[in-house]
Amino acid sequence: MLDDVVISKAIIESYTKEILESLESDVIICGGGPSGLCAAYYLAQEGFKVVVFERTLRPGGGMPGGGMMFNKIVVQEESKPVLDELGVTTTHYKENYYLASSLETLGVLLSQAIKKGAHVFNCISAEDVLVYDNKVQGVVINWTAAAVANFHVDPLTARSSCVVDATGHAAEIAHVVSRKSGAKLMTPTGEVVGEKPMWAEKGEKVLLTNTKEIFPNLYVCGMAANAVFGGPRMGPIFGGMLLSGQKVARLLSERLRQK
Ligand code: 48F
């Protein structure tokens with residue numbers, strides 16, 4: 001026999017428990033695209049308490065769409081070990097070019113991040129940050145549906161030792177910190193420089209350099225890193241996104257272990 005209300009209680013109790021536990025963590029990642037999920041996977045694997053807030057119903061950002069909805073992605077030689085480690089099937093196209101299904105890659109990445117212990121919440125947007133003593137100390141969250149409906153709903157907050165802006169092209173968290181704190185970001189202009197036109201070779205090259213701390217306790221990875229530092233976009237080559245997520249996880253892991 002199945003009781004409809006028991007089903008409801010099971011969902012509400014378990015979701016409430018998980019989100020309550022997630023209000024204080026080591027790292028909050030804003031954005032569940034490829035770079036954010038990859039960062040979550042590596043941080044969770046290292047045993048850190050990591051929380052991902054993803055705006056949309058379905059995590060994955062630009063990954064499932066591949067290139068112009070042709071649902072394949074390309075990765076280069078140096079990032080293939082990440083897909084191998086995750087267990088994603090790749091095929092060799094030509095020297096330095098490998099292909100993977102964008103859907104398989106997303107499915108595996110999401111599944112592995114959660115299995116390692118990352119807490120991934122969809123349908124929640126990070127709309128602001130907590131800044132105490134000129135340091136980012138967490139984020140302000142709200143249901144995406146409230147914003148879509150244009151409801152005036154006050155948000156809630158989640159605290160963490162560090163925050164990662166993995167919001168993609170829009171670099172939303174960097175923008176909000178720059179606009180509201182009045183302080184300078186650690187960029188050449190002190191502000192978000194803005195993304196440059198498509199150039200895969202250069203975009204992928206500068207992405208790892210751009211993956212770093214940009215304000216006390218605020219890190220940036222993925223396309224947001226190039227947007228913040230004025231790097232080019234790079235289209236449906238995803239190796240850099242994975243390596244950028246891996247790099248930010250390493251930087252955070254080194255930092256959090258020092259505490
Ligand atoms: O855009 P997205 O996929 O960013 P990424 O991880 O990867 C970029 C590639 O997809 C592609 C590319 C490849 O070379 O250039 O564009 O850097 O994923 C960003 C995710 O963040 C969510 C958004 O819905 C998407 O899933 N997001 C954006 N703003 C917010 C957010 C926010 N304020 N709060 C929560 N999630």
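We count ligands from 1, going down the list as the structure has it; atoms in each ligand are counted the same way.
- Between Thr144 and ligand 1 there is no heavy-atom distance shorter than 4.0 Å.
- With ligand atoms numbered from 1 in the order given, ligand 1 contributes 19 (C), 20 (C), 21 (O) to contacts under 4.0 Å with heavy atoms of Ala166.
- In this pair, Tyr93 and Tyr97 present their aromatic rings perpendicular. The plane angle is above 60°, beyond the 30 to 60° band.
- Proximity of a side-chain donor or acceptor of Gln246 to a complementary backbone N or O of Cys38 within less than 3.5 Å is not detected.
- Taking each of Gly32, Gly33, Gly36 in turn, the one with a heavy atom nearest to atom 18 (O) of ligand 1 proves to be Gly33.
- Around the CD atom of Glu95, the shell of radius 6.0 Å holds no more than 12 heavy atoms that belong to other residues, nucleotides or ligands.
- Within ligand 1, the atoms closer than 4.0 Å to a non-hydrogen atom of Ile124 are 35 (C), numbered from 1 in the order shown.
- Of all non-hydrogen atoms in Ala44 and Ala113, the two that sit nearest each other are CB-O, 4.3 Å.
- With Phe229 as the fixed residue, the side-chain contact (heavy atoms from CB on, under 4.5 Å) test singles out one of Val206, Thr209, Asn210: Asn210.
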Practice task
Kindly determine whether Ser160 and Ser25 satisfy side-chain hydrogen bond (donor to acceptor under 3.5 Å, both in side chains), including the steps that lead there.
Solution key: CA-CA 5 Å; Ser160 58; Ser25 62; 4.7 Å; no

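- Protein heavy atom in closest approach to atom 12 (C) of ligand 1: Gly235 O, 3.7 Å.
- For atom 4 (O) of ligand 1, the closest non-hydrogen atom on the protein side is Gly168 CA, 3.4 Å.
- In Asp3, the CG atom is crowded: over 12 heavy atoms of neighbouring residues, nucleotides or ligands sit closer than 6.0 Å.
- Of all protein heavy atoms, the one lying nearest to atom 2 (P) of ligand 1 is Gly62 N, 3.8 Å.
- Closest protein heavy atom to atom 21 (O) of ligand 1: Gly31 CA, 3.2 Å.
- Arg233 and Glu204 are not joined by a salt bridge, as no carboxylate oxygen comes within less than 4.0 angstrom of a charged side-chain nitrogen.
- Residue-ligand proximity, Thr56 to ligand 1, at heavy-atom distances under 4.0 Å covers atoms 24 (O).
- At under 3.5 Å, not a single nitrogen or oxygen of Gly222, backbone or side chain, sits near a nitrogen or oxygen of ligand 1.
- Ligand 1 places these atoms under 4.0 Å from at least one heavy atom of Phe238: 9 (C), 10 (O), 13 (C).
- Closest protein heavy atom to atom 34 (N) of ligand 1: Ala126 N, 2.9 Å.
- Atoms of ligand 1 found under 4.0 Å from any heavy atom of Ile237, numbered from 1 in the order shown, are 13 (C), 14 (O).
- Taking a cut-off of under 4.0 Å to the non-hydrogen atoms of Met234, the atoms of ligand 1 that pass are 14 (O), 15 (O).
- The backbone N or O of Asn217 lies less than 3.5 Å from a partner atom in the side chain of Glu213, making a donor-acceptor pair.
- Atom 16 (O) of ligand 1 has its closest protein heavy atom at His169 NE2, 3.0 Å.
- If you check each of Arg58, Met63, Arg55 against atom 31 (C) of ligand 1, the one with the closest non-hydrogen atom is Arg55.
- For a threshold of 3.5 Å applied to N or O pairs, the pair formed by Pro236 and ligand 1 contains no separation below that value.
- Considering only non-hydrogen protein atoms, atom 20 (C) of ligand 1 sits nearest to Glu54 OE1, 3.6 Å.
- Residue Glu46 is tested with Arg257, Lys116, Arg250 for a salt bridge (charged side-chain N to carboxylate O under 4.0 Å, His left out); the sole match is Arg257.
- Heavy-atom distances between Glu204 and ligand 1 stay at or above 4.0 Å for every pair.
- For the pair Ala170 and ligand 1, no heavy-atom separation below 4.0 Å is found.
- Contact of the Gln137 side chain with the Val131 side chain is not registered, since no non-hydrogen atoms from C-beta on lie closer than 4.5 Å.
- Shown in contact with Ser125 at under 4.0 Å from a heavy atom are these atoms of ligand 1, numbered in order with element: 34 (N), 35 (C).
- Contacts between Glu172 and ligand 1 below 4.0 angstrom, taking non-hydrogen atoms only, involve the side chain exclusively.
- Under the 4.5 Å side-chain criterion, counting only non-hydrogen atoms from C-beta, Thr105 is in contact with Ile73.
- Using a 3.5 Å distance cut-off with no hydrogens or angles, the side chains of Thr144 and Ser125 do pair a donor with an acceptor.
- Residue contact check: Met223 has heavy atoms under 4.0 Å from atoms 8 (C), 15 (O), 17 (O) of ligand 1.
- Looking at Glu127 next to ligand 1, no N or O pair under 3.5 Å apart turns up.
- With a 4.5 Å cut-off on side-chain heavy atoms, Val153 and Trp143 do not count as touching.
- Under a 3.5 Å cut-off, the side chain of Asp133 and the backbone N or O of Lys135 do not form any donor-acceptor pair.
- Here the protein heavy atom with the shortest distance to atom 8 (C) of ligand 1 is Met241 SD, 3.6 Å.
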